[in-house]
Number of protein chains: 2
Amino acid sequence: MAISAIQKSVRPADAVVELDTKSRILDAAEELFMEHGFEATSLRLITTAAAVNLAAANYHFGSKEELFQAVLTRRLDPMNQDRMQLLTNYETAAGNKALTCEVIISAMFIPALKLARDQSQGGKNFLRLLGRAYADPAPFIREFLSHQYAEMIARYRAAFARALPHLPREEVSWRLHFVMGALSYTLAGTDALKVIAQFHPTEVNNDELLLKRLAPFLAAGLRSPMANATDAHQWFQET
Amino acid sequence: MAISAIQKSVRPADAVVELDTKSRILDAAEELFMEHGFEATSLRLITTAAAVNLAAANYHFGSKEELFQAVLTRRLDPMNQDRMQLLTNYETAAGNKALTCEVIISAMFIPALKLARDQSQGGKNFLRLLGRAYADPAPFIREFLSHQYAEMIARYRAAFARALPHLPREEVSWRLHFVMGALSYTLAGTDALKVIAQFHPTEVNNDELLLKRLAPFLAAGLRSPMANATDAHQWFQET
DNA sequence: GCTAGTTTCAAACAAGTGTTTGAAAAACGT
DNA sequence: ACGTTTTTCAAACACTTGTTTGAAACTAGC
């Protein structure tokens, strides 16, 4: 008991000080889920890192799955709200003219960037967590994200369809899928960069630089002319 | 012994039946790892599905991690060999002229397509497993894939650098990273498609169609002109 | 100061984990 | 046919998992 008394008296002087139990669990869970994934992260690991009792996780969040969803909701919900608001702003500013792909992509990326920049540490962690959650096979994660993204995706598909009127709607859906994939994969895989390019360590974690290079790449892909049937078998001929 | 004699005589006629224990474990593990991920798949689940004894997994593969690596190696190794061979063929055919981005992408995609087409079922499963493994945070998986991809990546980076001589090497590395990301994400996330587009179920699993649409998209991104400094802050201005 | 409601805590629960063991069975070489 | 190696099997091992429990500590409201 002497130990716990010491810890309590020391804690306010510390850096990350004195959030309530619920926030401390969310913060620790965010980092650990990002680092190890959902299945490989135990509640004991989380509650120990958060310096709270094991039972507190179930008391405040119900179950491990609900805790994971709470971690995602806390930042994903505002970010997607931002995205839709930004898209609305652009659309009203453009009047009845269609937006360009660049502008639409900006509306997707800027809220993500804001998250990566604003929070001192949590933001970057969250983006990586989100990218990895997008590739997680667990059904409850996929269903949760589907529901969470549904409205935003519908808005952006409509915007891209207006920006690319010469493309069939189905092709627009495909390309939007590629954009979302490249974005989430890029945000998730800082480690994978080391395989492909050898950058300075300071640059590797620079999400801003990353997205500034990704956005034009994707815009060019979106604008590319539709490959017709005769072009198609140029791609995958038998060798 | 009578049973095994019968089974052996039947094997050539039947489609799937009666592989040896090692292959049965690999097949079951491939499917289950793909479906649930590494951590969420237990050895008991695998050995039960393979109809072998639990201890057989450790006997033949040593540990769960080594089993996972064996599942990946079995098909990834030949696929990457194919990719490099194909690239070599194209390069010798082109003489000292640089290859186009389309041709280089073909050399990446065709071996993946061959895998998806040839094996009746295992091929598609494996591509999805591979895409998911690429996003898995487990260190042993990331290290394994880094090592497994290193040579192929180096070859393709050099090829793209020759195809895009106007781009800085660093930009080429980024774009190669985006290509790999979009490819692995696309192969991994059949489920995610349902969020973005509502296709006929038969089309959703058609990897060939998927890659035929992805390849031109990526080629356009690769060929896009480098965004210069003045264009750059067009993208992410403060709102 | 006392009560009612909320939050914390140590301990236990039942179930599942990867791995090991030692004996039985099968397969193989000669 | 026999001795040796390889493979299978049921059982157990030591440990971790998410969740629950019931008492203790704390925090208002009056």
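Order of the sequence lines sets the chain letters (A, B, ...), proteins ahead of strands, with each chain counted from 1.
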Would you say a side-chain N or O of [X] is under 4.0 Å from OP1 or OP2 of [N]?
X: Ser63(B); N: dG18(C); result: no
X: His60(A); N: dT8(C); result: yes
X: Thr21(A); N: dT8(C); result: yes
X: Ser42(B); N: dG16(C); result: no

Check your understanding: Would you call Arg213(B) and Glu170(A) a salt bridge, taking side-chain N to carboxylate O under 4.0 Å as the test?
Key ->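 Judged by the 4.0 Å cut-off on N to carboxylate O distance, Arg213(B) and Glu170(A) do form a salt bridge.
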
Point to revise | Pair Lys114(B) + Asp82(B), salt bridge at N-O below 4.0 Å | key: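 Yes.
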
Provide, to the nearest angstrom, the distance between the [atom1] atom belonging to [X] and the [atom2] atom belonging to [N].
X: Ile25(B); N: dG18(C); atom1: CD1; atom2: P; answer: 13 Å
X: Phe38(B); N: dT17(C); atom1: CZ; atom2: C1'; answer: 12 Å
X: His36(B); N: dT17(C); atom1: NE2; atom2: P; answer: 12 Å
X: Ile46(A); N: dT16(D); atom1: CD1; atom2: P; answer: 17 Å
X: Leu43(A); N: dA12(C); atom1: CG; atom2: P; answer: 20 Å
X: Lys64(A); N: dG18(D); atom1: NZ; atom2: P; answer: 4 Å
X: Asn53(B); N: dT7(D); atom1: CG; atom2: C1'; answer: 11 Å
X: Phe61(B); N: dT6(D); atom1: CZ; atom2: P; answer: 17 Å

Point to revise | Close side-chain approach of Lys22(A) to Phe61(A), heavy-atom, < 4.5 Å | key: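 When only atoms from C-beta onward are counted, Phe61(A) and Lys22(A) do touch, with a gap below 4.5 Å.
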
Exercise for review: Side-chain contact test, heavy atoms from C-beta onward, threshold under 4.5 Å: evaluate it for Pro137(B) versus His36(A) and give yes or no.
Suggested key: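 Contact flag for Pro137(B)/His36(A) side chains = no.
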
Do [X] and [Y] have ring centres separated by under 6.0 Å?
X: Phe178(A); Y: Phe178(B); result: no
X: Phe217(B); Y: His177(A); result: no
X: Phe140(A); Y: Phe38(A); result: yes
X: Tyr156(A); Y: Tyr149(A); result: no

Practice item. Would you confirm whether Arg175(A), through its side chain, and Leu222(A), through its main-chain N or O, come within 3.5 Å as a donor-acceptor pair? Key: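 At least one qualifying donor-acceptor pair exists.
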
Kindly list each side-chain donor-acceptor pair under 3.5 angstrom involving residues 42-52 of chain A, sequence neighbours excluded, with atom names and distances?
residue: Ser42(A); atom: OG; partner: Leu45(A); partner atom: N; Å: 3.1
residue: Thr47(A); atom: OG1; partner: Leu43(A); partner atom: O; Å: 2.9
residue: Thr47(A); atom: OG1; partner: Arg44(A); partner atom: O; Å: 3.3
residue: Thr48(A); atom: OG1; partner: Arg44(A); partner atom: O; Å: 2.6

Review point. Mind pulling the stems DNA chain D is in, i.e. runs of at least three Watson-Crick or G-U pairs, everything under 3.5 Å?
Key: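 The stems are C:2-27 with D:4-29.
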
Exercise for review: Mind checking Thr41(A) for me? I need base, sugar-phosphate or nothing, with any heavy atom below 4.0 Å counting as a touch.
Suggested key: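 Result for Thr41(A) = sugar-phosphate.
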
Practice item. Determine the contact category for Ala55(A): base if any of its heavy atoms lies under 4.0 Å from a base atom, sugar-phosphate if only primed atoms, P, OP1 or OP2 are that close, otherwise nothing. Key: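 Counting heavy atoms under 4.0 Å across all strands, the contact made by Ala55(A) includes a base.
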
Are there any protein N/O atoms within less than 3.5 Å of an N/O atom in nucleotides 12-14 of chain D, and if so, which ones and at what distance?
none

Review point. Of Gly62(A) and Leu45(A), whose closest DNA chain D nucleotide lies nearer the 5' terminus?
Key: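 It is Leu45(A), whose closest nucleotide lies nearer the 5' terminus.
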
